[in-house]
Protein chains: 2
Amino acid sequence: MNLEIGPINKSSLSKQVADQLQEAILEGTLKADDRLPTEEELAQRFQVSRPTIREALKRLAAKNLIRSRRGPTGGSFVNHLGTNELSDHLTTATTLFVSMNDVSLDEISSTRLEMESYCFRLACQHRTDEDLKRLEQHLIHQKNKNISPEEFCAADVRFHRAIADASHNKMLSFIMYTLIEALQPVSNMIAYRFREREIITSQHERIFNAINNQDRKLACAILEEQINYLQQLHEEAQENHQQ
Amino acid sequence: MNLEIGPINKSSLSKQVADQLQEAILEGTLKADDRLPTEEELAQRFQVSRPTIREALKRLAAKNLIRSRRGPTGGSFVNHLGTNELSDHLTTATTLFVSMNDVSLDEISSTRLEMESYCFRLACQHRTDEDLKRLEQHLIHQKNKNISPEEFCAADVRFHRAIADASHNKMLSFIMYTLIEALQPVSNMIAYRFREREIITSQHERIFNAINNQDRKLACAILEEQINYLQQLHEEAQENHQQ
DNA sequence: ATAAGTTAATTTGTCATACAAATATAAAAT
DNA sequence: ATTTTATATTTGTATGACAAATTAACTTAT
């Protein structure tokens with residue numbers, strides 16, 4: 001009796017619960033900002049204990065699918081997963097992949113050059129006034145010589161992300177966010193030296209103007225220049241490190 | 001006393017533990033296939049209870065960073081995260097992103113066309129005999145008319161992945177895996193109809209020959225043909241669905 | 001002596017219960 | 001009317017116990 005046909009449940013209960021809830025989120029039964037039942041209620045519904053439910057919820061929380069708050073109006077809520085929310089999640093995955101698979105800087109930068117060039121092409125075609133405004137703001141902020149290295153890096157990331165967004169292709173943006181992060185460790189290096197900072201920002205300024213003038217070829221040429229420059233800096237740093 | 005300077009610990013204990021362990025994995029203190037201390041030991045070290053430790057471990061398990069086994073030789077082990085191991089993790093993230101952000105098929109397919117063309121370019125240059133062998137095997141399997149729709153889909157994914165791998169750029173492969181998955185729901189549609197199956201496999205055969213002959217332009221042209229064909233099928237299906 | 005079966009030990013998986021901490025709501029006191 | 005206080009709700013954490021899986025050691029039968 002109770003002979004279930006097919007693949008038997010081998011995975012742990014907490015995983016099964018997590019999978020079911022994720023399925024509900026994925027197929028739209030649970031929409032963004034919806035509140036899940038309380039942990040006790042979930043425990044009764046799934047006929048498992050509260051610790052098991054909690055383990056399941058933590059699995060979803062690790063994927064950024066839900067957030068939790070305490071108190072009467074608290075509970076677990078479905079997150080709305082935009083590009084930003086998912087990016088930090090993807091970033092750790094990408095960082096891990098790069099570090100555990102000996103991905104060379106050349107592989108990263110050539111991929112990024114190819115994709116960002118495509119972004120530039122689309123951005124030149126579809127950029128709106130708002131896109132240009134955002135780009136300019138990030139550029140101005142990055143030109144400020146009083147900001148800290150950390151702020152400089154953050155502004156750098158924002159600038160490149162803004163270009164990706166200017167392509168008005170969400171899929172492309174999503175992937176570019178990953179690639180931008182993957183190259184960030186190299187970019188970070190240069191944030192501490194004023195001379196290099198100036199070179200980067202001036203390149204950004206020229207890129208901005210090129211996109212503004214819808215000059216795709218020029219924009220891509222400058223991008224290539226910048227990526228080559230970063231690669232060169234990286235090689236120099238490695239040589240110094242070996243000494 | 002016990003006045004800790006700086007940002008106070010606001011996040012939950014299980015998250016703090018998870019973050020510390022993840023940090024250890026990321027910086028290499030915990031290498032692949034290393035075994036973590038037992039849950040009880042971790043509880044003592046971090047001075048928290050076992051349920052808290054378990055919640056932390058489930059967070060890492062959800063990210064595919066660790067696996068757990070019971071028994072004397074059991075415990076939690078660090079996963080080696082290659083392209084395959086991370087792909088299912090990325091797949092759910094991508095699927096969620098697509099469904100929650102109204103990403104159009106056009107955005108997906110145009111991005112994929114652009115990137116896969118780049119793959120073709122590199123594959124034509126760098127493909128080895130082993131790459132060709134693998135491609136041919138997947139092709140032969142896909143041509144078999146007796147396989148189930150599910151098998152057909154799986155073979156389809158494997159074929160495109162093999163092309164990505166033939167580029168010999170790990171970063172590019174990693175990203176392509178994501179894009180292949182993103183377009184899969186559309187590809188799945190056609191697996192149930194023999195007529196469409198034949199069209200797809202014949203296209204794959206021509207792509208294989210083109211890559212074999214290092215004819216980049218031809219390969220890309222066929223790819224464009226295939227993606228347009230899928231898009232067309234999708235539109236027809238939607239129209240039928242509306243009736 | 002070898003092979004098979006049995007037992008014991010270890011570790012994750014699950015459960016039950018209790019209490020702490022945060023937080024919003026309603027009631028009470030100033 | 002405003003502040004304070006009490007209270008209810010919900011997640012966060014702790015403790016202890018037992019179940020299930022799995023390996024290693026041991027025992028027994030051939």
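Keep in mind the model is a prediction, meaning the values are calculated, not measured. Just so we're on the same page: letters track the sequence lines, and every chain starts at 1.
Other residues, nucleotides and ligands contribute more than 12 heavy atoms inside 6.0 Å of the CG atom of A:Asn84. At most 12 heavy atoms of other shown residues, nucleotides or ligands fall within 6.0 angstrom of atom CD in A:Glu130.
When heavy atoms are screened at a 4.0 angstrom cut-off, A:Lys15 is found touching no nucleic acid atom at all. Among the protein residues, A:Arg54 comes within range of the nucleic acid bases, having at least one heavy atom under 4.0 Å from a base atom.
Of all heavy-atom pairs spanning B:Ala61 and A:Arg59, the tightest one is CB-NH2, 3.9 Å. Nearest heavy-atom pair, B:Ala56 versus B:Ser14, reported as atom, atom and distance to 0.1 Å: CB-O, 3.3 Å. For the pair A:Phe174 and A:Thr83, the tightest heavy-atom approach, listed with the atom from each and the gap, is CA-CG2, 4.1 Å. Across B:Leu57 and B:Leu36, no two heavy atoms sit closer than the pair CD2-CD1, 4.0 Å.
Two end axes, each from the C1' atoms of five base pairs, can be drawn for the helix from C:dA1-D:dT30 to C:dT30-D:dA1; they diverge by 20°, to 10 degrees.
Using a 3.5 Å distance cut-off with no hydrogens or angles, the side chains of B:His126 and B:Asp131 do not pair a donor with an acceptor.
The side-chain contact (heavy atoms from CB on, under 4.5 Å) test applied to A:Glu23 returns A:Glu27, not counting sequence neighbours.
On the nucleic acid side, DNA chain D has its first and last nucleotide under 4.0 Å of a heavy atom of chain A at D:dA8 to D:dT13, going 5' to 3'.
One finds a salt bridge joining B:Asp19 and B:Lys15 here, because a Lys/Arg side-chain nitrogen approaches an Asp/Glu carboxylate oxygen to under 4.0 Å. Using a 4.0 Å cut-off between charged side-chain N and carboxylate O, A:Arg161 and A:Glu181 make a salt bridge.
Closest-nucleotide positions on DNA chain D for A:Arg69 and A:Pro51 were compared, and the one nearer the 5' end corresponds to A:Arg69.
Look at NZ on B:Lys58: it is 8 Å from P on C:dT14, rounded to the nearest Å. Remark: P of C:dC19 and CZ of A:Arg70 are 17 Å apart, rounded to the nearest angstrom. Summarising the geometry, the separation between CD1 on B:Ile66 and C1' on C:dT11 is reported as 14 Å, rounded to the nearest angstrom.
Proximity of a side-chain donor or acceptor of B:Asn101 to a complementary backbone N or O of A:Leu81 within less than 3.5 Å is detected.
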Quick one: which protein N/O atoms are closer than 3.5 Å to N/O atoms of nucleotides 25-28 of chain C? Pair and distance per line, please.
none

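The aromatic rings of A:His204 and A:His160 sit perpendicular, their planes meeting at an angle over 60°, well past the 30° parallel limit.
Looking at the side chain of A:Leu13, the nearest of the listed nucleotides C:dT14, C:dT11, C:dG13 is C:dT14.
Contact check, A:Ser12 against C:dT12: no side-chain N or O comes under 4.0 Å of OP1 or OP2.
Sorted by residue number, the list of members of residues 29-37 of chain A with any non-hydrogen atom under 4.0 Å from DNA chain C is empty. Using a 4.0 Å cutoff on non-hydrogen atoms, the parts of residues 40-50 of chain B near DNA chain C are B:Arg50, ordered by number.
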